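Just follow the structure's listing: the first ligand is 1, and inside any ligand the first atom is 1. Side chains included, hydrogens not; waters and symmetry mates left out as well; all remaining heavy atoms used. Bear in mind the structure is a predicted one, so any value in this text is a computation, not a measurement.
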Amino acid sequence: MDELFKKAALDIKQSKNIVGLTGAGISVESGIPPFRGKGGVWEKFDPMEYATIDAFMSNPSKVWKVLLSAMKDMIEKAKPNDGHNGLFELEKIGKLKTIITQNVDGLHQMAGNTDVIEFHGNFVSYTCLKCKNKITYNEIKLDTVPPRCKCSGIYRPDCIFFGEMIPPEALWRSKEVSSKCDLMIVIGTSAVVQPASFMPIIAKNSGAKIIEINPERTPLSGKISDYIITGGAGEVMRKILKEL
Ligand code: NAD
């Protein structure tokens with residue numbers, strides 16, 4: 001195992017253009033559970049009842065009371081962990097250029113990374129459905145639900161609900177940076193949600209090395225990724241950085 005930390009550090013040293021691809025797993029150590037699997041958000045809430053755009057538009061109060069207030073609460077409490085901070089260290093030394101994330105928690109930006117492509121938007125900012133005014137989570141008051149703008153419009157999170165499109169710009173930029181990187185570090189994603197799971201394939205086909213960091217193997221392991229370092233994101237990033 002120690003060999004793999006050294007190998008990853010060497011691959012980082014030899015790279016000039018690293019892209020990070022992250023999923024829910026990188027934020028587990030920050031107290032945000034993944035959606036799928038044991039302890040996941042979808043064990044508590046049925047996504048069809050609470051997480052589709054139709055569910056939100058037909059009954060915003062219900063979705064705000066249950067799913068959105070829980071997400072807001074989780075995001076308010078969460079701080080970046082050593083996994084996020086490690087990716088910022090790699091940006092500071094000029095190696096990492098972009099992060100593509102499926103996460104909606106804003107923790108990469110909070111850690112300091114400056115180029116973060118969000119596939120699924122985020123729960124950090126909110127837009128009024130009527131006048132399009134934007135505010136951040138700390139300005140949302142939940143004394144009356146759904147929260148409303150001064151103009152009386154209802155606020156929605158800037159996340160992508162099921163049934164909504166991934167922002168086209170996020171998609172084309174992700175494809176572009178994936179095809180140009182020389183190393184992709186894939187952290188905490190089960191690599192089953194398209195199109196994010198396709199980015200390592202684009203990178204691999206363009207000649208990049210792929211390192212995975214995950215406690216579990218994924219469909220990429222042994223096929224697309226050159227190697228997987230099994231373990232939690234924070235612990236693994238700490239050990240790699242020590243070898244740099
Ligand atoms: P996923 O839930 O499908 O998979 C999570 C992965 O993280 C698994 O492979 C698991 O083995 C791994 N993991 C668990 N603990 C880990 C740790 N400590 N360190 C590293 N890896 C760990 O997540 P996904 O692939 O991102 O897809 C789920 C979708 O749910 C995403 O599209 C995202 O929008 C959304 N989501 C976001 C958040 C968030 O913003 N923090 C949280 C939950 C879900």
Side-chain angles (χ1 to χ4, degrees), residues 4 8 20-48 50-53 67-68 70-87 99-111 113 116-125 137 157-167 170-171 174 184-201 210-222 224-225 228-240:
L4 281 185
L21 173 68
T22 64
I26 196 171
S27 296
V28 165
E29 289 156 68
S30 295
I32 304 180
F35 282 178
R36 284 184 204 77
K38 214 163 163 266
V41 172
W42 299 146
E43 259 187 359
K44 286 193 210 137
F45 311 118
D46 174 2
M48 287 306 122
Y50 295 105
T52 68
I53 187 63
L67 180 65
L68 300 186
M71 288 303 296
K72 178 181 175 302
D73 191 44
M74 252 188 295
I75 282 167
E76 260 167 355
K77 288 180 188 143
K79 295 274 171 298
N81 64 56
D82 285 346
H84 305 98
N85 295 332
L87 289 179
I99 294 175
I100 305 167
T101 190
Q102 300 169 85
N103 292 349
V104 288
D105 54 32
L107 291 179
H108 288 303
Q109 292 91 330
M110 204 188 277
N113 286 100
V116 181
I117 302 173
E118 293 173 317
F119 261 138
H120 299 152
N122 63 67
F123 277 87
V124 174
S125 68
Y137 64 90
D158 288 345
C159 70
I160 304 299
F161 284 98
F162 287 117
E164 291 191 290
M165 259 177 60
I166 287 179
L171 192 54
S174 297
M184 181 174 272
I185 307 180
V186 182
I187 311 179
T189 173
S190 56
V192 292
V193 182
Q194 288 281 13
S197 57
F198 197 58
M199 297 307 137
I201 300 173
I210 317 288
I211 306 175
E212 268 186 285
I213 301 174
N214 199 312
E216 311 275 346
R217 291 175 70 81
T218 77
L220 302 175
S221 314
I224 300 298
S225 59
I228 174 165
I229 309 185
T230 46
E235 176 205 357
V236 172
M237 281 304 288
R238 268 197 308 278
K239 290 186 176 160
I240 294 175

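Close approach of ligand 1 to Ser27 is summarised as follows: ligand atoms under 4.0 Å from at least one heavy atom of the residue are 41 (N). Listed by atom number, the atoms of ligand 1 under 4.0 Å from Glu216 heavy atoms are 11 (O). Of all atoms in ligand 1, numbered sequentially from 1 with element shown, those under 4.0 Å from a heavy atom of Gly232 are 17 (C), 18 (N), 19 (N). In the vicinity of Glu29, heavy-atom distances shorter than 4.0 Å reach the ligand 1 atoms 17 (C), 18 (N), 19 (N). Taking every heavy atom of Pro34 and a limit of under 4.0 angstrom, the matching atoms of ligand 1 come to 2 (O), 43 (C). Atoms of ligand 1 found under 4.0 Å from any heavy atom of Gly23 (numbered from 1 in listed order, with element): 26 (O). Atoms of ligand 1 lying under 4.0 Å from at least one heavy atom of Asp105, given by number and element, are 39 (C), 40 (O), 41 (N). Of all the atoms in ligand 1, the ones that sit under 4.0 Å from a non-hydrogen atom of Ser190 are 1 (P), 3 (O), 4 (O), 6 (C), 9 (O), 25 (O).
The closest side-chain heavy-atom distance from His84 to Ser27 is below 4.5 Å. Counting heavy atoms from C-beta outward, Ser197 and Leu21 have side chains that stay 4.5 Å or more apart. No side-chain heavy atom of Pro157 sits under 4.5 Å from any side-chain heavy atom of Lys72. Between Val124 and Met110, every side-chain heavy-atom pair lies at or beyond the 4.5 Å cut-off. Counting heavy atoms from C-beta on, the side chains of Ile240 and Ile229 come closer than 4.5 Å. In this structure, Met199 and Val186 have side chains that are not in contact, with every pair of non-hydrogen atoms separated by 4.5 Å or more. Looking only at side-chain heavy atoms (C-beta outward), Val236 and Ile187 stay at 4.5 Å or farther from each other.
Considering backbone and side-chain atoms together, Pro33 places no N or O closer than 3.5 Å to any N or O of ligand 1. Close N/O approach between Ile187 and ligand 1 is not found [any backbone or side-chain N/O within under 3.5 Å]. When only interatomic distances are considered, the shortest N/O to N/O separation between Thr218 and ligand 1 does not fall below 3.5 Å. Residue-to-ligand polar distances keep Ile213 apart from ligand 1: every N/O pair is separated by 3.5 Å or more. Between Ala233 and ligand 1, an N or O atom pair is found at a separation short of 3.5 Å.
Counting heavy atoms under 4.0 Å from ligand 1, residue Val28 touches it through the side chain alone. Here His120 has side-chain heavy atoms under 4.0 Å from ligand 1, and that is the only part of it that gets that close. Of all the heavy atoms of Ile32, the ones lying under 4.0 Å from any atom of ligand 1 belong exclusively to the side chain.
Within the set Ile160, Asn214, Thr101, the minimum heavy-atom distance to atom 12 (C) of ligand 1 is found for Asn214.
Looking at Thr218, its side chain does come within 3.5 Å of a backbone N or O of Leu220 through a donor-acceptor pair. Using a distance-only test at 3.5 Å, with no hydrogens or angles considered, no donor-acceptor pair links the side chain of Asn103 to the main chain of Asp105. When atom types are taken as modelled, the side chain of Glu29 and the backbone of Gly234 share a donor-acceptor pair closer than 3.5 angstrom.
A distance of 8.5 Å separates CG in Leu171 from CE in Met165, rounded to the nearest 0.5 Å.
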